[in-house]
Student: 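My questions all concern the structure below.
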2 protein chains.
Amino acid sequence: MNGTLHDRIRTDFETRILSGELAPGDRLPTEQALMAHYGCARMTVHKALSPLAAAGLIERRRKAGTFVARPRAHSMVLDIPDLAAEVAARGQAYAYRLLGRTLRAADASQSAMLELDGVHTADGRPLAAEHRLVAAAVAPGIETADFARQSPGAWLLAHVPWSEAETRITAAAATAAEATTLGVAKGAPLLCVARRTWRAGRLVTLVRQAFVADAYELVARFGPRG
Amino acid sequence: MNGTLHDRIRTDFETRILSGELAPGDRLPTEQALMAHYGCARMTVHKALSPLAAAGLIERRRKAGTFVARPRAHSMVLDIPDLAAEVAARGQAYAYRLLGRTLRAADASQSAMLELDGVHTADGRPLAAEHRLVAAAVAPGIETADFARQSPGAWLLAHVPWSEAETRITAAAATAAEATTLGVAKGAPLLCVARRTWRAGRLVTLVRQAFVADAYELVARFGPRG
DNA sequence: CAGTGGTCTAGACCACTGA
DNA sequence: CAGTGGTCTAGACCACTGA
């Protein structure tokens, strides 16, 4: 067993859960019991179990204890480029609707940028609002692309090879504009995916997608060294 | 500022980093300085900054200090269903090669299972080894599917709508079989993606993909409530 | 070799919630 | 109302590594 004590405790439980020895709904020992079993302080036990709770592998309730989590009802893998395929796989009709298109001319501080606003829909219901900036110089042809047939993301994936990408996921309250686009109340919770993509060190696109929280849920469980 | 103190400290730095106030390479205050600034114990500062380091937003080096991380060189978004598109987007030729196909007949304990082994390649180079089990009853037609043209994942995505999925990512050492398949040394580090997919409560497929670690890197940065 | 972060301890007070 | 987890303290020793 390499690594730190809290790593070892965490790995112990990951192993027991992933192997099925501990099944969904099973109760884990209390922190007190684990302190005694591993001969360590409570903070160390807590540090071991916290990431498992954050990753959704276990659920912790005060007074009741700690339990192996049941698989979530609605889940979706982090999959930004092929939203269309994901929706199709659910047996729904996917569409992208362009809402706004602005070409910002180049100036001293930055090169020309195409600004695109749109919404992804599943069976006509808004699924995600998308705000995107594209560096026009790095994506030749995008000014004349037809986004009625293909979303900007799909167009870029097909036309501009990227080499580096960075994704951030956050939760946020719907702004007034997002609320209108998505047909939810202002302040409703949204799942936001912000992504920056580079090609050979040059920024290609910057996109922010806001998903209706109860229509989508992202799940990604990380194991050791995740 | 809602939530706990360590949440507040973490949010402070997330905000300053995402806004660009703190640029890549910039040094953050030491834990000692932050203890004084926030009037708290060192553990609390540490608890605030640890997740940022785990998420790759900052880098910490003993003696040197804490710095805003530079974007990683090679990265890829969690995107299991459309590996083919990802590889194509990098300007490489994608292929799936089937290595083994076994039909396990139904018995008392479980229904019929199709076991598929294969390898995903980019420009002919092995990228990921895939081991997959498919519940034959839930995926009618899969017994006669041709995986020379389409990977099992793509076939399933097109033919069997799924409703729930769960993904786990871990690092593991290559087994002898994986090493042979991928053309790496036994024990070489692999990035493993294990995924279970359900349809209406019934398990459809169980897949384990092992990526050559230096050919692929998964990056997903999580913000607050991630 | 001194500064910095990594881990861990042994406690404390509190919030929540099920028996 | 008692058990459980959530947070936090004030310290300790150590590992690493750059000045």
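Lettering follows sequence order; numbering is per chain, from 1.
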Student: State plainly whether the residues B:E31 and B:R60 are in salt-bridge range, i.e. N to O under 4.0 Å.
Tutor: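 A salt bridge is present here (some side-chain N lies under 4.0 Å from a carboxylate O).
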Student: Of A:M43 and A:R62, whose nearest nucleotide on DNA chain D comes first from the 5' end?
Tutor: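 Going by which nucleotide is closer to the 5' end, it is A:R62.
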Student: Please test A:L34 against A:C40 for side chain to side chain contact (heavy atoms under 4.5 Å, CB included), starting from the C-alpha separation and ending with a verdict.
Tutor: CA-CA 8 Å; A:L34 292 172; A:C40 67; over 6 Å; no
Student: Remember a base hit wins even if backbone is also touched, and classify B:L49 as base, sugar-phosphate or nothing at under 4.0 Å, heavy atoms.
Tutor: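 B:L49: no heavy atom of the nucleic acid under 4.0 Å.
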Student: Just wondering, do A:F67 and A:L28 contact through their side chains at under 4.5 Å, heavy atoms?
Tutor: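 Contact flag for A:L28/A:F67 side chains = no.
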Student: Could you say whether B:P29 or A:H6 is positioned toward the 5' end of DNA chain C, judged by the nucleotide with the nearest heavy atom to each?
Tutor: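 Upstream on the strand: B:P29.
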Student: I'd like to know if the side chain of B:R27 pairs up with that of B:T66 as donor and acceptor (distance under 3.5 Å, no hydrogens or angles considered).
Tutor: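 The answer is no; no qualifying pair exists.
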Student: Could you go step by step and tell me if A:H131 and A:Q209 meet the side chain to side chain contact (heavy atoms under 4.5 Å, CB included) rule?
Tutor: CA-CA 6 Å; A:H131 178 80; A:Q209 295 173 324; over 6 Å; no
Student: Could you tell me if the side chain of A:H6 sits less than 4.5 Å from the side chain of A:H46, heavy atoms only?
Tutor: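 A:H46 does not reach A:H6 side chain to side chain.
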Student: For DNA chain D, what is the dot-bracket line, given that a base pair needs Watson-Crick (N1 to N3, plus N6-O4 or O6-N4) or G-U wobble (N1-O2 and O6-N3) geometry with both distances under 3.5 Å, and | means paired with another strand?
Tutor: ||||||||||||||||||.
Student: Can you give me the first and the last nucleotide of DNA chain C (5' to 3') that has an atom within less than 4.0 angstrom of a non-hydrogen atom in chain B?
Tutor: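 Range of nucleotides within reach of chain B: C:dA2 to C:dC8.
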Student: How do B:T66 and A:C40 order along DNA chain C: which one's closest nucleotide is nearer the 5' end?
Tutor: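 Taking each residue's closest nucleotide, the earlier one in sequence belongs to B:T66.
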Student: Run B:T30 and B:Q32 through side chain to side chain contact (heavy atoms under 4.5 Å, CB included) and show every step you take.
Tutor: CA-CA 5 Å; B:T30 65; B:Q32 291 298 333; 3.7 Å; yes
Student: Can you check side chain to side chain contact (heavy atoms under 4.5 Å, CB included) on A:T121 and A:Y96, steps first, answer last?
Tutor: CA-CA 6 Å; A:T121 61; A:Y96 174 84; over 6 Å; no
